[in-house]
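Notes to accompany the following structure.
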Amino acid sequence: MTNYPSALRTPLSRADFGPGFQWGCSTSSFQIEGGAQAGGRVPSIWDTFCEQPGVIRDGSDGKVACDHYHRWPEDMDLGKAMGLNAYRFSISWPRIMSAPGAAPNEEGLQFYSDLIDGVLARGLVPWVTLYHWDLPQYLQDAGGWSSRDTVAAFVHYADVVTRRLGSRVKHWITHNEPWCTAIHGNFDGMHAPGLKSLPTALQVCHHVLLSHGLAVPVIRANVPGARVGIALSLHPVMPASDTPQDLEAVARHDAFRNRWFLDPLYGRGFPADTLALMGDAAPVMQPGDVEAIAVPTDFLGVNYYFPEVVRHDPAGGFLATRVIHPEGRERTDFGWEVAPQGMTDLLLRIARDYQPGEMYVTENGSSYDDVVQADGSIEDHARRHYLVRHLQAVRTAQEQGVPVKGYFAWSLLDNFEWSEGYLRRFGLAYVDFATQRRTLKLSGQWYRDFLHGAA
Ligand code: IFM
């Protein structure tokens with residue numbers, strides 16, 4: 001443990017957050033596993049996407065990533081040494097379902113079965129996300145999430161996985177960040193499958209939410225004592241100025257960025273104003289879909305990174321808004337605004353407007369350009385400061401009555417940051433991708449010490 005001078009001691013302790021608080025780190029399959037062809041895994045949309053020239057900033061891919069597929073025992077030892085009591089990871093759909101109509105791939109299921117045993121053996125609670133963006137390519141070839149058949153395929157996959165793993169895993173997250181699946185994947189083309197079609201993106205959005213709604217009862221049926229939820233990327237939205245136009249822009253932007261997901265999940269249907277703005281691009285829905293999406297859940301997963309500042313802009317798409325990046329604000333090296341107050345505001349707002357029974361911060365973290373010192377250490381003071389302030393912000397929300405029951409730092413390890421490749425490091429542990437050596441950064445050491453009551 002580090003011996004902290006009193007000026008650096010944190011005015012906050014693990015115990016302040018209450019007994020049973022889940023202290024974790026999050027990861028996702030494609031970003032860390034590698035083992036692209038191991039154990040009968042078939043290609044995902046991300047394998048295909050990475051092959052396109054110019055779409056990944058450093059030209060990299062996920063073939064090896066952190067080689068977690070082979071190194072997971074070491075990674076889980078690290079999690080245990082850090083004092084975590086929970087670990088959130090995702091299952092790679094292409095490891096489990098290798099072809100349309102095929103029997104589940106036993107080797108893939110066994111990999112996750114072993115991982116879960118390893119997580120439990122180290123005293124950590126496994127939190128499993130079913131979909132963190134790695135759709136099997138054969139499903140994309142048949143239309144991907146824009147096809148209603150993919151909804152049925154997801155529910156089948158969820159059934160297979162939860163039957164097999166549900167005796168040991170109680171915490172299930174259907175989807176991670178449907179916004180990114182839909183918009184980055186199908187509208188701005190930044191993510192796989194790299195499409196640029198608004199109607200497709202909006203249809204994808206609807207199908208992803210529908211697949212969540214239809215999977216929840218299946219998971220409950222298979223998992224005695226299941227706790228099921230979804231993880232959304234949510235953003236406080238601020239006006240660029242206090243003109244009426246900008247204030248209205250905030251309302252429109254918020255309605256699509258946040259309420260488009262929260263309203264239907266919490267039984268209010270899709271925001272009518274936003275639907276009207278979509279015009280012909282609005283998704284096709286069938287009777288019963290809206291009710292299915294509103295299935296009760298046990299918790300909401302909140303992924304918070306930064307607020308968005310918007311202004312009215314007639315050229316800004318169907319919402320007529322534009323996100324701007326004002327000068328003079330603290331930012332990470334990735335350019336994301338650092339705004340811990342946004343965490344408190346967001347949690348308070350969700351609790352007030354939607355009253356989820358429980359909330360978990362399922363992701364929060366920062367990317368800085370880490371430098372390895374001559375002695376091998378990584379002194380990421382900025383990331384530590386980010387982490388401390390965001391934990392304080394969570395605690396502030398808790399003190400005001402928000403039922404936040406856990407915090408998962410993004411991420412345990414530096415990993416494949418999608419279209420940024422390996423150029424953006426979010427880990428509490430540094431990964432030397434040439435040697436696969438893991439080194440706990442100063443921020444990770446702080447989290448460890450905090451969790452052991454020594455920071
Ligand atoms: O790396 C991603 C993760 O996959 C989803 N949430 C945001 C993280 C940082 O961009």
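Atoms within each ligand, like the ligands themselves, are counted from 1 in listed order. All figures in this text were calculated on a predicted structure; none of them were measured in a lab.
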Taking only residues two or more places apart in sequence or in another chain, which ones pass ring-ring contact (aromatic ring centres under 6.0 Å, His included) with [X]?
| X | value |
| --- | --- |
| Phe416 | Phe30, Tyr422 |
| Tyr266 | Tyr354 |
| Phe17 | Phe21, Trp23 |

Interatomic spacing from CZ in Arg311 to CD1 in Ile324 - rounded to 0.5 Å: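 Result: 6.5 Å between the selected atoms.
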Side-chain touch Trp46/His191, heavy atoms, less than 4.5 angstrom: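 Counting from C-beta outward, Trp46 and His191 do come under 4.5 Å.
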Compile the protein residues with any heavy atom at a distance under 4.0 Å from an atom of ligand 1; present them by chain, then by number.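 Lining ligand 1: Gln31, His132, Trp133, Asn176, Glu177, Tyr305, Trp336, Glu363, Trp410, Glu417, Trp418, Phe426.
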CA sep, side-chain torsions, deciding dist, call: Arg95, Glu107, side-chain contact (heavy atoms from CB on, under 4.5 Å): CA-CA 8 Å; Arg95 286 198 192 283; Glu107 255 190 287; over 6 Å; no
